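First up is the structure itself, then whatever we jot down about it.
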Amino acid sequence: MSKVRLQDVAKELGKSVKDIRDLLKTYGIEKSNFSHLEEEELQIIYDNFITEKEEDIQQKPQEMKKEEIKVEKREERPLQVESSKRYRREDARPPLRDKKEVKPKPQQKAPPPPPPLPKEQKVEEKPKREAPVEKKTSKEEEHLLKKLEQQIEKKKREEKKEEEVKIIEIPEVVTVRELSEILKVPPNQIMAELLKKGILATINQTIPSDVALSIAEDMGFLAEIKKIEEKIEEEEEREEEKNLQPRPPVVVVMGHVDHGKTTLLDAVRKTNVAEREKGGITQQIGASVVELTDGRRITFLDTPGHEAFTSLRARGAQVTDIAVLVVAADDGVMPQTVEAINHARAFNVPILVAVNKIDKPGADPQKVRRELSELGLIPEEWGGDTIFVDVSAKTGKNIDQLLEYILLLAEMLELKADPTKKAKGTIIESRLDKQKGVVATVLVQEGTLKVGDVFVAGITYGKVRAMMDDKGRRLKSAGPSTPVEVLGFEDLPMAGDTLKVVDDERTARHIAEARKLQKEHLEKVSKGLALEEVFRKIQEGEIRELRLIVKTDTVGSLEAIKKSLSEISTQEVAVKIIHGDVGGITENDIMLAKASGAIVIGFNTRPDVKAKEAAEREKVDVRLYGIIYEVVDDVKKALKGMLKPVEKEVVLGSAEVRAVFKIKSVGSVAGCYVLDGKILRNAKARLIRNGVVIYDGKIEGLKRFKEDVQEVARGYECGIKLKDYNDIKVGDIIECYEVKLEQAQL
């Protein structure tokens, strides 16, 4: 059977040779213009171009029959063709004539029935000839479809795996029931896993966090331990304080015994006696609110004195904004007055001085000003920045002026809070009432506390069941700087604990339990600041100065120790005496040391029983001395440890370059004569040329003749190779040195 050329087929189909060659290329067949075509190749060409014509037939229904007849002829011809001329004559040309004839007579060839009959017969024969070609194309398509199906299945499997490996967060404290709810598995399964690990637990028993983590990972979860407090802190950081509003100042009254602190507070409260209810102010509450005629308010801490002030500060409670120092005009500055000043200064609280008892016969307000100016509290009328107000708590003289000055100072401090946030406050005091249960006085500092809020305070938690103000009236909500009595605590909280409102009771319980475990752990391992640990704490960045509380037997000893210790301070490390007084070491000294991170030094004094117990409980370092120079020596040793070590350079030796040798794959080697000291291998070295340092690096190689040596002494020759440096010239000096760290001296 003769073969047909590609060019002839193109002419026959009315297509360009390039179109047919491009078609064959898609099937991986390369042909030139005059190449002969095989039967299969012809079939591919006709099949592809017949489909194009069938699309045209759908658009032109009048030419459908002619196109079908042409297709039938083309399908029969490849088996009967004897010559290319006959193929062209019978197949290619007649269809062109038919196309011309079809246009003028479209309706004549539509009605006759005979053409459809042969069509049907030949359509039945089509599969016989087209079957192999269809199988080939279908196999390729099937292969592609299979690949696509496999890819889709893989994606589905990966998605399923991703769904199976879920990321979860496990609380620091979690029970068996809660873990089963998090993992969505029965509690029995969790208990079975615990048994495998040798732990027998009930459904409500807590599980160690690391064990819960391992169980979750064994079950195909990607888990992590997330502290709930960290979540709450993150949420607080995200919360923008948009609605900042001015809040009333919180004032603490401090001073010496019998200087009129309580009387002054009573006098201040009486300014609002006409508006308040019958029965007076509730004395059990730890703070009270005074409202002026213009509606402005001031919150006073009812517990006077620095002891409560320090105990709150020792637990990190930043409660007070202003400290009012009460000094009796007839008595002057007393030891507790000085102590109160030191306590307020230790926590950077602004001081306002109320000179009380000016109505007494021997009153001398100017004497009080002179004595306080010596302690650094210089009155405004003398050019200082401390406000002095002469008052009489007994007669009520200048009380209004005192309140005005407090509000003026508060305006300068720009005290603001956001009442729309979740409430946050501090426990002022707590007690156990026989009828009400646990009752705590809370000073709200941020947000608004409402009845029904769930909170956590220290190692306990609860829900606000009722609130009363300082006058015993029930409240539904309390804003910033408002003191309230709160009912609903599970356990008795400690003074100074921070109260925070959380989302639900479970969160509150988890935080409280986690804090309890942490507290138990810290009690076992924690220590207060000891004199021996000062240097370590400085290295860790925990403290930048050595704080001391000095108690002596006489004023002379106190002044001598203060002067001696202040002289050994340097620019880098300073000794700060936050409190110095005459007398024995008291419990209050221990609490101040705990709050400020100080060390207590006693000179010829001893702590009392309560102070000893407090020092052991709070882990405060108490040092007792009988000789002054021992005090100074110990503090000097601590400060030496606090000072950074000094880098000191020690020159080991020097050598002169007498010759330079260029060695392949090595570089420049200096032939040297050791002038003094010794040259060490791998030691630091610098190259000096005409008094200028050209290179500072390391001695990489050191040889004596052909042998490697560790060192070369004075008067000997050697070969020196400097690391990563080859620009060596005759006459250069190589200086060998080392750097040593030495303890700094005061």
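If you're wondering where the values come from, they're calculated on a predicted model, not measured in any experiment. Hydrogens, waters and symmetry mates play no part in the numbers below; they use all other heavy atoms, side chains included.
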Are the charged groups of [X] and [Y] less than 4.0 angstrom apart, N to O?
X: Lys463; Y: Asp453; answer: no
X: Arg297; Y: Glu291; answer: no
X: Lys197; Y: Asp218; answer: yes
X: Glu414; Y: Arg247; answer: no
X: Lys612; Y: Glu587; answer: no
X: Arg506; Y: Asp504; answer: no
X: Glu613; Y: Lys610; answer: no
X: Arg431; Y: Glu485; answer: yes

Is any side-chain heavy atom of [X] closer than 4.5 Å to a side-chain heavy atom of [Y]?
X: Ile427; Y: Leu499; answer: yes
X: Lys551; Y: Arg606; answer: no
X: Val456; Y: Arg515; answer: yes
X: Val484; Y: Thr441; answer: no
X: Ile199; Y: Val211; answer: yes
X: Asp581; Y: Asn342; answer: no
X: Glu217; Y: Leu213; answer: yes
X: Asn204; Y: Val176; answer: no

Legend entry - From CA spacing to verdict: side chain to side chain contact (heavy atoms under 4.5 Å, CB included), Val444, Thr448: CA-CA 7 Å; Val444 181; Thr448 302; over 6 Å; no
May I ask you to decide if [Y]'s main-chain N or O and [X]'s side chain share a donor-acceptor pair within less than 3.5 Å?
X: Thr426; Y: Thr498; result: no
X: Ser180; Y: Arg177; result: yes
X: Asp433; Y: Gly437; result: no
X: Asp621; Y: Ile599; result: no
X: Ser430; Y: Pro493; result: yes
X: Thr605; Y: Gly602; result: no

Inset, instruction - Could you tell me whether Glu490 atom CD has more than 12 heavy atoms of other residues or ligands within 6.0 Å of it? - result: yes
Point-to-point distance, once rounded to the nearest 0.5 Å, from [atom1] of [X] to [atom2] of [Y]:
X: Thr420; Y: Asp418; atom1: OG1; atom2: CG; answer: 3.0 Å
X: Ile578; Y: Leu592; atom1: CD1; atom2: CG; answer: 4.5 Å
X: Leu179; Y: Ile207; atom1: CG; atom2: CD1; answer: 5.0 Å
X: Ser481; Y: Ile298; atom1: OG; atom2: CD1; answer: 11.0 Å
X: Phe300; Y: Ile322; atom1: CZ; atom2: CD1; answer: 9.0 Å
X: Met412; Y: Leu407; atom1: CE; atom2: CG; answer: 13.0 Å

Inset, instruction - Could you tell me if the ring centre of Tyr461 sits under 6.0 Å from that of Phe489? - result: no
Inset, instruction - Verify the distance criterion only: is there a donor paired with an acceptor across the side chains of Thr175 and Gln205 at less than 3.5 Å? - result: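 Not at all, the side chains of Thr175 and Gln205 share no donor-acceptor pair under 3.5 Å.
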Which heavy-atom pair separates [X] from [Y] by the least distance, and what is that distance?
X: Val349; Y: Ala323; result: CG1-N, 3.7 Å
X: Ala611; Y: Thr586; result: CB-C, 3.6 Å
X: Asp589; Y: Gly584; result: OD2-O, 3.8 Å
X: Ala508; Y: Val502; result: CB-CG2, 3.6 Å
X: Leu548; Y: Ala598; result: N-CB, 4.2 Å
X: Val289; Y: Asp470; result: N-OD2, 2.9 Å

Legend entry - Test log, rule side chain to side chain contact (heavy atoms under 4.5 Å, CB included), inputs Val442 and Ile428: CA-CA 6 Å; Val442 180; Ile428 302 299; over 6 Å; no
Inset, instruction - Apply side chain to side chain contact (heavy atoms under 4.5 Å, CB included) to the pair Leu449 and Val501, showing each step before the final yes or no. - result: CA-CA 8 Å; Leu449 186 65; Val501 172; 3.7 Å; yes
Legend entry - side chain to side chain contact (heavy atoms under 4.5 Å, CB included) between Val438 and Leu487, worked out: CA-CA 6 Å; Val438 178; Leu487 276 67; over 6 Å; no
